[in-house]
Amino acid sequence: MTSRLTIAIQKSGRLSKESLALLKACGVKFSINDARLIAHSTSHNIDLLRVRDDDIPGLVMDGVVDLGLVGENVLEEARLEREATAMNANFVALRSLEFGHCRLSLAVPKEAQERGLAQLNGARIATTYPRLLQRYLQQQQIAARSVVLTGSVEVAPRAGLADAVCDLVSTGATLEANGLVETDVVFRSQAQLIQTAELSDPNKLALINQLLPRVDGVQLAKESKYIMLHAPKPRIDEVIALLPGAETPTLLPLSHTDQQVAVHMVSTETLFWETMEDLKALGCSSILVLPIEKMMG
Ligand code: ATP
Ligand code: MG
């Protein structure tokens, strides 16, 4: 029997939807039963383990699963924790996944915002990430105590449990709603694809080698646009100069005229309205910007 590659993803939370969408875009099909921990792929020898995100680094480091999709904040905290307690903290970072962006930031009550970082000397700081926090405080030569909370960190100052917080932020709306002001970024994070350090099964390695170019293809496609337009022949150089990243556009004749050519290109930059207006002013027409679903070099 061939071995099955196991991948741990967050069961339900901020990373779940995009983790599943990435696998799906890579052609890995699942039928998810919400009540089940494990989902078997119907297209590949892959099993999906759906767990709390906090458990993913340990599962990968202990070799219980082969791959994991997890936020760098959770990953780095787990790594520091395991290093400090002489546990195995090895893993292989395969790809940054360009989703789950957030930052771990220090925030203080609005009325204390003017006093700067030094006010945190001797303070109590509520956080879910004591290791990341202490590493930062050490770098800044600040001695503060962490109050470890796994949830509701942002209400700790009002509840009298802490003087400041070190919490995840993406827009800052939650901090603001709790009368807190972000003062320092401690750690920037996005989702990562990680692999267990000891992996020798040739079937699993072959599958990973098939998946990685697909992950890259999905990401590249997400960042890219297909641009098509009709351009006046005499001004073609000016048109190409306006197009972002257009080293090698494809030029095609048009059947109804020899005054114009069709220009097709893939761009990793988006075409702004301003550029489209400039193209129009040069005499271009039928300007289309299309999303790309898949790409392979
Ligand atoms: P679980 O039940 O799996 O432990 P959780 O409540 O710990 O879930 P979520 O709030 O779903 O976790 O966040 C999961 C991850 O999403 C975070 O660890 C972080 O990497 C990322 N993330 C992105 N934006 C944010 C944000 N604004 N706040 C919190 N986490 C964010
Ligand atoms: Mg969690």
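Being a predicted model, the structure only gives us computed values, none of them experimental. Counting starts at 1 for both ligands and their atoms, in listed order.
Within a 6.0 Å sphere centred on CD of Gln139, other residues, nucleotides and ligands contribute more than 12 heavy atoms. Heavy atoms from other residues, nucleotides or ligands lying under 6.0 Å from CD of Glu98 number more than 12.
Counting only residues at least two apart or on different chains, the salt bridge (Lys or Arg N to Asp or Glu O under 4.0 Å) pairs with a member in residues 21-37 are Asp34-Arg50.
Salt-bridge formation is detected for the pair Glu76/Arg135: a Lys NZ or Arg NE/NH1/NH2 atom is positioned less than 4.0 Å from an Asp or Glu carboxylate oxygen. With respect to Lys110 and Glu176, no salt bridge is recorded, no charged nitrogen being found less than 4.0 Å from a carboxylate O.
Counting only protein N, O or S atoms, 2 lie closer than 2.8 Å to the Mg ion (ligand 2).
Under the ring pair (Phe, Tyr, Trp, His ring centres under 6.0 Å) criterion, His264 pairs with Tyr226, sequence neighbours left out.
Under 3.5 Å, the side chains of Arg158 and Asn178 contain a donor-acceptor pair of N or O atoms. Looking only at atom types and distance, the side chain of Glu182 has a donor-acceptor partner in the side chain of Ser105 under 3.5 Å away. A donor atom on one side chain and an acceptor atom on the other are found under 3.5 Å apart for Asp201 and Ser3.
For ligand 1, the 4.0 Å heavy-atom shell takes in Gln10, Gly13, Arg14, Leu15, Arg52, Asp53, Asp54, Gly71, Asn73, Val74, Gly100, His101, Cys102, Tyr129, Leu168, Ser170, ordered by chain and residue number.
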